[in-house]
Engineer: 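Got a structure for you, written out below as structure tokens; questions coming shortly.
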Amino acid sequence: MSDTAAKAHTPGRGRRLGIFGTFDVENYGDLLFPLLAEAELARRLGPLTLLPFSYGDKSPPDWPYAVTSLTELPAMAGQLDGVIVGGGHIIRFDKEIAPGYAPPVPDIHHPTGYWLAPMLVALGRGTPVVWNAPAVYGDIPAWAEPLMKLAVNESRYVSVRDEPSRQALLRFADTAEINVVPDTAFGVARLVGGHQPSPDFLRLRDAHGLTDPYLVVQATPAARDFARFARDQQKLFRDYRLLILPAGPCFGENNSALSDELPGIVGLPAWPHPLLLAELIGQSSAVVAVSLHLSITALAFGVPVFRPAQSLNDEYASKYALLSEFDGVFPFDAEDRHDPRRFVGRLGRREPSPAVSATLRRLDEHWDRMAAALRPTGEPPSASEAVSRFWQTVPGLLEARDGQMARDHNKLRRLAAPLRYLGRLRRRRVKAES
């Protein structure tokens with residue numbers, strides 16, 4: 001047993017809940033989700049132990065919190081009082097999650113091993129399953145449809161982050177209600193707490209000369225246009241420092257992304273804890289970013305967000321569509337370059353918009369419903385009839401799949417026969433001519 005799993009086995013206070021997702025990668029938004037879930041559910045359920053699970057083991061001080069490898073799930077499943085899936089863009093079947101990201105052992109399927117398989121394990125034991133506003137990305141293959149049907153209908157509470165995700169799941173829902181709720185990162189200001197800077201923030205601020213107003217710039221090539229703009233308009237920015245921050249080092253973001261365009265920027269020697277990163281955003285005068293969760297964090301604190309115009313038309317356009325509902329989100333485009341004072345006039349932290357307040361009320365409803373679904377019923381856990389019926393059908397599903405593969409193989413052989421015949425004729429012709 002790993003050290004992380006051994007700690008997880010140590011008796012904790014209250015209910016023991018597992019949360020599943022990509023919490024073992026250096027990506028700001030992913031690392032926020034367990035912190036948010038633990039705080040919000042503890043307010044509603046009282047003392048609890050939240051155990052994040054992902055492919056890889058992680059532990060402090062090298063990581064913000066302990067993460068248990070999914071290789072430990074079979075041994076630990078019986079100790080969990082509930083299973084939480086998400087959030088993030090994790091309901092998906094493609095293999096390209098992040099460079100080099102893969103299960104630690106071949107027996108864990110990629111990528112459903114960190115979201116779908118834990119649901120099936122929990123449902124097989126009668127453990128409550130809830131969805132913490134994940135999003136669906138890409139197509140759902142035919143082989144997964146029976147599994148998705150089971151996961152959607154047998155979960156106690158299903159929520160997703162956007163309407164396209166809801167539409168993608170509706171065809172699997174017989175009786176389940178699929179709820180569209182805000183991204184839970186909108187609640188990050190509650191985690192950081194008040195307007196009083198933390199000691200860690202004050203130390204970092206003083207060490208890196210951030211006592212003057214500063215802007216946060218995401219460390220991505222997508223921000224190059226802004227970097228050139230700031231370089232060309234240095235007089236307008238003389239009262240501001242520019243702090244470059246990676247949102248996702250796992251995707252190659254680093255402090256050098258803009259150094260050739262913007263000399264003299266402030267870069268941190270190490271990627272900060274996600275809550276310190278959130279505080280850096282919350283204390284800034286503006287954020288220039290493509291990242292959804294850097295943008296959401298800025299809105300949660302009333303900080304204006306400038307998004308490079310080209311990022312609004314990329315393949316993830318629907319992922320960012322939710323930002324259009326909020327004041328304080330501006331495209332950084334040619335008009336800003338032609339009228340720099342318009343850009344500077346938008347800088348400065350304000351009270352969060354009424355839309356953010358409405359979003360927080362919706363999030364409270366989300367956490368209330370999730371907590372209700374995770375409360376003990378007083379009955380011993382047991383798998384539902386639907387789960388038992390599903391396992392009854394598994395041999396037939398596998399046999400049908402095997403039969404289809406055999407039929408496809410025979411079809412390919414028949415299609416290839418004329419090609420083999422033409423190949424033989426060609427070889428004979430070449431031999432005769434020689």
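None of the values given here were measured: they were computed from a predicted structure.
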Engineer: Given the rule in the side-chain contact (heavy atoms from CB on, under 4.5 Å) test, do Leu294 and Val305 qualify, once you have shown the distances and angles that lead to the verdict?
Structural biologist: CA-CA 9 Å; Leu294 289 189; Val305 181; over 6 Å; no
Engineer: Are the side chains of Asp174 and Lys149 in touch, meaning some heavy atoms are under 4.5 Å apart?
Structural biologist: yes
Engineer: Are any of the side-chain heavy atoms of Ser165 and Ile91 separated by less than 4.5 Å?
Structural biologist: no
Engineer: Scan side-chain atoms only and decide if His293 and Asp183 contain a donor-acceptor pair under the 3.5 Å cut-off.
Structural biologist: yes
Engineer: When the aromatic ring centroids of His89 and Tyr137 are compared, is their separation below 6.0 Å?
Structural biologist: yes
Engineer: With heavy-atom distances below 4.5 Å as the criterion, would you say the side chains of Tyr101 and Asp24 are in contact?
Structural biologist: yes
Engineer: Roughly how far, to the nearest 0.5 Å, is CD of Gln79 from CG of Asp81?
Structural biologist: 9.5 Å
Engineer: How far does CZ of Arg241 sit from CD1 of Ile265, to the nearest 0.5 angstrom?
Structural biologist: 10.5 Å
Engineer: Parallel under 30°, tilted from 30 to 60°, perpendicular over 60°: which one fits the rings of Phe226 and Phe229?
Structural biologist: tilted
Engineer: Please test Leu258 against Arg224 for side-chain contact (heavy atoms from CB on, under 4.5 Å), starting from the C-alpha separation and ending with a verdict.
Structural biologist: CA-CA 7 Å; Leu258 304 175; Arg224 284 190 181 279; 3.8 Å; yes
Engineer: Here's a test for you: under side-chain contact (heavy atoms from CB on, under 4.5 Å), which of Ile281, Leu277, Leu276 qualifies with Glu279?
Structural biologist: Leu276
Engineer: Which heavy atom in Tyr157 sits nearest to a heavy atom in Ala373, and how many Å separate them?
Structural biologist: CB-CB, 4.0 Å
Engineer: How about Phe20 and Ile90: do any of their side-chain heavy atoms sit closer than 4.5 Å?
Structural biologist: no
Engineer: Rounded at 0.5 Å granularity, tell me how far CG in Leu360 sits from NE2 in His366.
Structural biologist: 12.5 Å
Engineer: So for atom CG, which belongs to Asp200, do other residues, nucleotides or ligands contribute more than 12 heavy atoms lying within a distance under 6.0 Å?
Structural biologist: yes
Engineer: Trp131 and Ser155: which non-hydrogen atoms are nearest, and at how many Å?
Structural biologist: NE1-OG, 2.9 Å
Engineer: Of all heavy-atom pairs between Val290 and Ala222, which one has the smallest distance, and what is that distance?
Structural biologist: CG2-CB, 3.5 Å
Engineer: Can you spot which of Leu35, Val188, Thr297 makes a side-chain contact (heavy atoms from CB on, under 4.5 Å) with Pro274?
Structural biologist: Leu35
Engineer: Is any side-chain N of the basic residue among Glu163 and Arg166 closer than 4.0 Å to the acidic one's carboxylate O?
Structural biologist: yes
Engineer: Whether Arg190 and Asp364 form a salt bridge (side-chain N of Lys/Arg under 4.0 Å from carboxylate O of Asp/Glu) is what I want to check.
Structural biologist: yes
Engineer: Under the criterion side-chain contact (heavy atoms from CB on, under 4.5 Å), I'd like the reasoning laid out for Leu363 against Phe186: C-alpha separation, chi angles, the key distance, then a yes or no.
Structural biologist: CA-CA 8 Å; Leu363 275 179; Phe186 277 103; 3.8 Å; yes
Engineer: Kindly compute the distance separating CZ (Arg350) from OG (Ser285), expressed to the nearest 0.5 Å.
Structural biologist: 9.5 Å
Engineer: To check you understand the geometry: which heavy-atom pair defines the closest contact between Arg161 and Ala135, and what is its length?
Structural biologist: NH2-CB, 3.7 Å
Engineer: Tell me which one of Tyr114, Tyr55, Trp143 satisfies ring pair (Phe, Tyr, Trp, His ring centres under 6.0 Å) with His109.
Structural biologist: Trp143
Engineer: Measuring from Leu322:CG to Leu292:CG, what's the distance to the nearest 0.5 Å?
Structural biologist: 5.5 Å
Engineer: Decide if the gap between the ring center of Phe306 and the ring center of Phe343 is smaller than 6.0 angstrom.
Structural biologist: yes
Engineer: Check the pair Gln283 / Phe301 against side-chain contact (heavy atoms from CB on, under 4.5 Å), numbers first and verdict last.
Structural biologist: CA-CA 8 Å; Gln283 295 288 339; Phe301 284 98; over 6 Å; no
Engineer: Is it the case that over 12 heavy atoms from other parts of the model lie below 6.0 angstrom from the CG atom of Asp368?
Structural biologist: yes
Engineer: For the atom pair CZ (Phe53) and CD1 (Ile84), what is the distance rounded to the nearest 0.5 Å?
Structural biologist: 11.5 Å
Engineer: Are side-chain heavy atoms of Pro52 and Tyr65 found at a separation under 4.5 Å?
Structural biologist: yes
Engineer: With a 4.0 Å cut-off, would you call Glu40 and Arg44 a salt bridge?
Structural biologist: yes
Engineer: Can you find a heavy atom in the side chain of Ser284 that is under 4.5 Å from one in the side chain of Leu215?
Structural biologist: no
Engineer: If I compare all heavy atoms of Leu48 with all of Ala42, which pair ends up nearest, and what's the gap?
Structural biologist: CD2-N, 3.6 Å
Engineer: Which pair of heavy atoms, one from Pro60 and one from Ala66, lies closest together, and at what distance?
Structural biologist: CD-N, 3.8 Å
Engineer: Validate the cation-pi geometry between Arg346 and Phe330: distance from NZ or CZ to the six-membered ring centre under 6.0 Å, angle to the ring axis within 45°.
Structural biologist: yes
